[in-house]
Amino acid sequence: MQHILCSKERGKRLGALVMTLVMVFFAMTAALPAAEAVTQKDIDNLKSQAASLKEQKSDIQKKLDKLSNSKNSALDQKFLLEEKINVLREQIALSEQSIQEYGKQIDQKEEELAAAKEEEAKYYDEFCERVRSMEERGNVSYWAVLFNANSFSDLLDQINAISEVMDYDNEVMDNLAAARQAVADAKAELEESKAAEESAKADLETQKADLVKEQASVEATIQEITSQSSVYAQKMDELEDDSASVSSQIAQAEKTYQAQIAAQMKAEEEAARKKAEEEAKKQQQQQNQNNSNSNSNSKPSGGGGTAGSGGYLWPLSGYTRVSSPFGYRNCPFHGQELHGGCDIPAPYGTPIKAAKSGVVIISTYGSSYGNYVTIAHSDGSRTMYAHQSQRAVSAGQTVSQGEVIGYVGSTGSSTGNHLHFELWLNSSSSSRVNPVAYCF
């Protein structure tokens, strides 16, 4: 009778143990905690920047809505649209960066899930081994072990041994439960990262569609501006005012980047010194060979491939036609006025190259010049590139001659794709000269 009772009791304990593990498993699979991404701090920072850009875009849109009923606000509307496009470009860049971060995060979560599953399998095998061991013991019970003790001391030893076995069994179950919880956590984190990545991709597509729409709006507005000559005449007045403003900005920027400009000048002087030494060495070699008259230099042709006689490179390769040259001209609205640079027509998106090595001291958007860049050169001169569709450099950046610094567009006071190119011999707008004479 005692044997039957012990067997039944053992069966109840084993059944209870199995039921407990089943309930723990289902409880774990039902609870899916939120993921804490490995690169979550970086992603949160990107989200914060994106939210700020979204707010800027919203503010600009409100201003656009106020201007929509005004017939004479077309040019102001164009400026706001261009500002909105610049914000959209920043949003797109942030979205692309976020998608890259989510991709890295997903790879890591998949590795963590695989490791968690491997750990779960190890503890499950250990649990099954314990169950098989209990079944193999058959009719041997804890009570039988205790009653078979030979002495009180032996009884205490048996009690300690049974306690250790029970603790081990509990540890096996706890380890298995923890491993299954880790699998559930890893699955939840992986799914959340994948959902976040899909959301970022959807945002990116929306932003790209918005960019296309806003660019089309700019083109439509340009057509409207063309028919509103009175508005355009007013903005031409502002263009000359902006020229003086840019001069002031350049003077201020020179102070900020004075050290970089000095470093650029030193580097160019060193390069010139080495070049002179090489030329002297070549001449000496030619004299030794009695071929001193064989060295004939051809004049560079400019046009974007080679620096001209003034040492400046033409900024648009393959596009040399000037639609509006430097100098005084008759304006139907202002009479005689100075056009401080030359206008070079070229297709939208044509790369604009730095005419000379130097330091970018201004890279910004202005209502007249649109997206424009000003570069300070080691000889004290400055070059300016206006109406760009997109700028490719930032203030403080050192650029080499021929390096792409932006792309042709029609931002600011412009009604057609072209580059407005200016050459200043110093930091004052009064030193502007005809750039064609220095590039060819």
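Just so you know, residue 1 is the first one in the sequence shown, and it goes up from there. All values below come from the heavy atoms of this structure, side chains included, with hydrogens, waters and symmetry mates left out.
Side-chain N/O atoms of Gln215 and Tyr348 include a donor and acceptor closer than 3.5 Å. In this structure, a donor-acceptor pair under 3.5 Å is present between the side chains of Ser317 and Lys353. In the model, Ser381 has no side-chain atom that pairs as donor or acceptor with a side-chain atom of Tyr438 under 3.5 Å. Counted by atom type alone, Asp185 and Gln181 present one or more donor-acceptor pairs between their side chains at under 3.5 Å.
Taking the six-membered ring for Trp and thresholds of 30 and 60 degrees, Tyr365 and Phe79 have ring planes more than 60 degrees apart, a perpendicular arrangement. Ring planes of Phe421 and Trp314: perpendicular class, angle over 60° (limits at 30 and 60°). In this pair, His387 and His418 present their aromatic rings tilted. The plane angle is within the 30 to 60° band.
Remark: the backbone N or O of Ala355 is paired with a side-chain donor or acceptor of Gln401 at under 3.5 angstrom.
Of all the heavy atoms in Cys342 and Val322, the pair that sits closest is CB-CG1, 3.8 Å. Between Val359 and Gln264, the closest heavy-atom pair is CG2-CB, 4.2 Å. Annotation for Tyr385 and Pro315: closest pair CE2-CB, 4.0 Å, computed over non-hydrogen atoms. Nearest heavy-atom pair across Pro351 and Val404 is CB-CG2, 4.0 Å. Taking both residues in full, the closest heavy atoms of Arg391 and Thr364 are given as NE-O, 3.2 Å, listed atom of the first, atom of the second, then distance.
A 6.0 Å sphere centred on CD of Glu118 holds no more than 12 heavy atoms belonging to other residues, nucleotides or ligands.
The pair Lys275-Glu278 does not meet the salt-bridge criterion, since no charged nitrogen lies less than 4.0 angstrom from a carboxylate oxygen. Taking a cutoff of 4.0 Å between a charged side-chain nitrogen and a carboxylate oxygen, Glu277 and Lys274 do not qualify as a salt bridge.
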